[in-house]
Amino acid sequence: MHIGRNKAVVLIAAFVSLVCAPVKVPAESTQQQTLLALSKHEHTLSMVDPATLQVIARAPVGPDPHEVIASSDGKTAYVSIYGGGRYHAISVIDLVGKKALPDIDTGPLNGPHGLAFVGGKLWFTAEGAKAIASYDPATAKINWIMGTGQNRTHMIYVTPDQKQIYTTNVSSATVSILENAALPPMGPPPGMRPPPGSQPPSPPPGGPQKRTDWNQTVIPVGKGDEGFDVSPDGKELWTANAYEGTLSVIDLETRKVKATLDAKAFGANRLKFTPNGKLVLISRLGDGDLIIYDAASRKEFKRVHIGHGAAGILMDPDGARAFIACTPDNYVAVLDLKTLEVTGHIDVGGEPDGLAWAIRP
């Protein structure tokens, strides 16, 4: 077949352009992910490589560490020093330098326990003070406190918009829902009339100032409610009631318990949804079986033997694994979320408990 000279030149040019064109390669994630695990016995925070399951560094923390959380940039870890409600410190760890920093003194906010890091702030429960508070790392000050009036305000969840806070109150057998609500602009006191002929006050610069206040809804659940989680779609809150062995399912729109499940989960310590919201994992300090519930049917799906008892539960962000701190067995069990079988153990020191992720861009 004969091709004209001009057409041949065009075809050759197009071929060279196609071959030599730069190839777009998907950018690899540069996030550095570290598993954080506490040891109550050694008073240490272990930093674990989640790929190899090896401890890469340890840092000292205060006595009786219970929960750990990392800052949003993954550079700092905070550890609640609980002491059964007696102590008043939060340990701080530099995760880049892998060293301890000066503690945060929570003052009269005794018994810090549950932790969350949202909106650049560290939120925590203060069980001994029946309160919750937030700490601003930028100013190094506690910048907000609110009492719950409930006994043993223990675990905490803060919504991403910081408009709602959920807590479990173990000895009161309640769940608190705290909501930041808008208030109308402030006017004159009721019944007060301006003097005849007076001019109304000028509005402040920028117009009326926005006013908000926190309102609390207290929901009775089962005795010993402690471990809880909010479903990934934000519609339900499940809490494990250790003394009764039940699970309470709260509808977060109506703020009422819509189901009580007889899970026989006595001694339940923590409860977590899988990232896809399909399963709920419940650990128990006094029993070696991890209870797994189907969230949709609200039926028990499986029990997995993981040791002699467990506390902290942490989900892999990609939904592949769960990590369970088996406190009496001195290891963290690794659970494959597809097969629901234990695939390994991590030695992070005696009596492991709180677990968290540190993710650095």
Side-chain angles (χ1 to χ4, degrees), residues 34-48 55 57-71 75-95 97-118 121-137 139-148 150-158 165 167-171 226-227 269-270 285 311-314 325 327 330 332 348-358:
T34 304
L35 172 65
L36 307 178
L38 293 175
S39 165
K40 289 182 179 178
H41 187 268
E42 271 79 27
H43 304 164
T44 56
L45 173 69
S46 290
M47 293 159 245
V48 179
V55 175
R58 286 186 172 91
V61 296
D64 198 30
H66 272 238
E67 297 297 314
V68 58
I69 200 74
S71 57
K75 295 181 179 180
T76 309
Y78 300 92
V79 177
S80 55
I81 307 304
Y82 176 54
R86 302 187 310 277
Y87 299 154
H88 51 89
I90 295 175
S91 291
V92 185
I93 303 298
D94 175 355
L95 296 175
K98 299 177 175 57
K99 61 182 180 180
L101 299 174
D103 286 353
I104 298 168
D105 186 348
T106 62
L109 296 172
N110 291 336
H113 189 274
L115 301 173
F117 198 94
V118 180
K121 306 288 195 307
L122 174 68
W123 305 76
F124 63 95
T125 60
E127 187 178 293
K130 300 181 182 180
I132 56 176
S134 70
Y135 171 85
D136 186 351
T139 61
K141 292 181 179 180
I142 293 172
N143 65 336
W144 178 82
I145 303 170
M146 181 173 178
T148 63
Q150 303 295 294
N151 295 325
R152 292 197 64 200
T153 298
H154 200 65
M155 303 298 292
I156 188 170
Y157 180 101
V158 180
I165 302 171
T167 72
T168 42
N169 309 300
V170 183
S171 296
E226 183 174 344
N269 189 255
R270 296 291 176 267
L285 278 176
I313 302 175
L314 182 68
T327 309
N330 301 321
V332 175
V348 298
E351 300 179 21
D353 191 357
L355 304 169
W357 289 111

Asks: To the nearest 0.5 Å, what is the distance between OH (Y78) and CG (L101)?
Replies: 9.0 Å
Asks: Looking at S71 and T76, would you say the former's side chain and the latter's main chain have a donor-acceptor pair under 3.5 Å?
Replies: yes
Asks: I'd like to know if the side chain of T167 and the backbone of I156 have a donor-acceptor N/O pair within less than 3.5 Å.
Replies: no
Asks: What I'd like to find out is whether the side chain of K141 reaches to under 4.5 Å of the side chain of D136, using heavy atoms alone.
Replies: no
Asks: Please give me the minimum heavy-atom distance between N330 and E351, naming the atom from each residue.
Replies: OD1-N, 2.9 Å
Asks: Is any side-chain heavy atom of L36 less than 4.5 Å from a side-chain heavy atom of W357?
Replies: no
Asks: Can N143 and S134 be counted as having a side-chain donor-acceptor contact under 3.5 angstrom?
Replies: yes
Asks: I need the T327 OG1 to D353 CG distance, nearest 0.5 Å.
Replies: 5.0 Å
Asks: Any side-chain heavy atom of P65 within less than 4.5 Å of one from I81?
Replies: yes
Asks: Between P60 and A100, what is the shortest heavy-atom contact and its length?
Replies: O-CB, 3.8 Å
Asks: How many angstroms lie between atom CD1 of I104 and atom CZ of F124, to the nearest 0.5 angstrom?
Replies: 7.5 Å
Asks: Over all heavy atoms of both residues, which pair between K98 and A57 is shortest? Give the atoms and the distance, please.
Replies: CD-CB, 3.4 Å
Asks: Going from OH on Y87 to CG on N110, what distance comes out if it is rounded to the nearest 0.5 angstrom?
Replies: 11.5 Å
Asks: Compare every heavy atom of L115 with every heavy atom of E67, then report the nearest pair and how far apart it is.
Replies: O-CD1, 3.4 Å
Asks: Search all heavy atoms of I142 against all heavy atoms of A133 and return the closest pair with its distance.
Replies: CG2-CB, 4.1 Å
Asks: With the side chain counted from C-beta on, respond yes when L95 and L45 share a heavy-atom pair under 4.5 Å apart, and no when they do not.
Replies: yes
Asks: Are any side-chain N or O atoms of S46 and backbone N or O atoms of V55, one a donor and one an acceptor, separated by less than 3.5 Å?
Replies: no
Asks: To check you understand the geometry: which heavy-atom pair defines the closest contact between L355 and G312, and what is its length?
Replies: CD1-O, 3.7 Å
Asks: Please confirm whether the backbone N or O of H154 pairs with a side-chain atom of H113, one donor and one acceptor, at under 3.5 Å?
Replies: yes
Asks: Measure the spacing between CE of M155 and CZ of R270 and express it to the nearest 0.5 Å.
Replies: 4.0 Å
Asks: Taking the side chain from D103 and the backbone from D105, do they hold a donor-acceptor pair closer than 3.5 Å?
Replies: no
Asks: Within this structure, what is the NE2-CG distance for the pair H43 and D64, rounded to the nearest 0.5 Å?
Replies: 7.0 Å
Asks: Determine whether F117 and P137 make a side-chain contact, defined as any pair of heavy atoms from C-beta on separated by less than 4.5 Å.
Replies: yes
Asks: Tell me, do Y135 and I90 make a side-chain contact under 4.5 Å, heavy atoms counted?
Replies: no
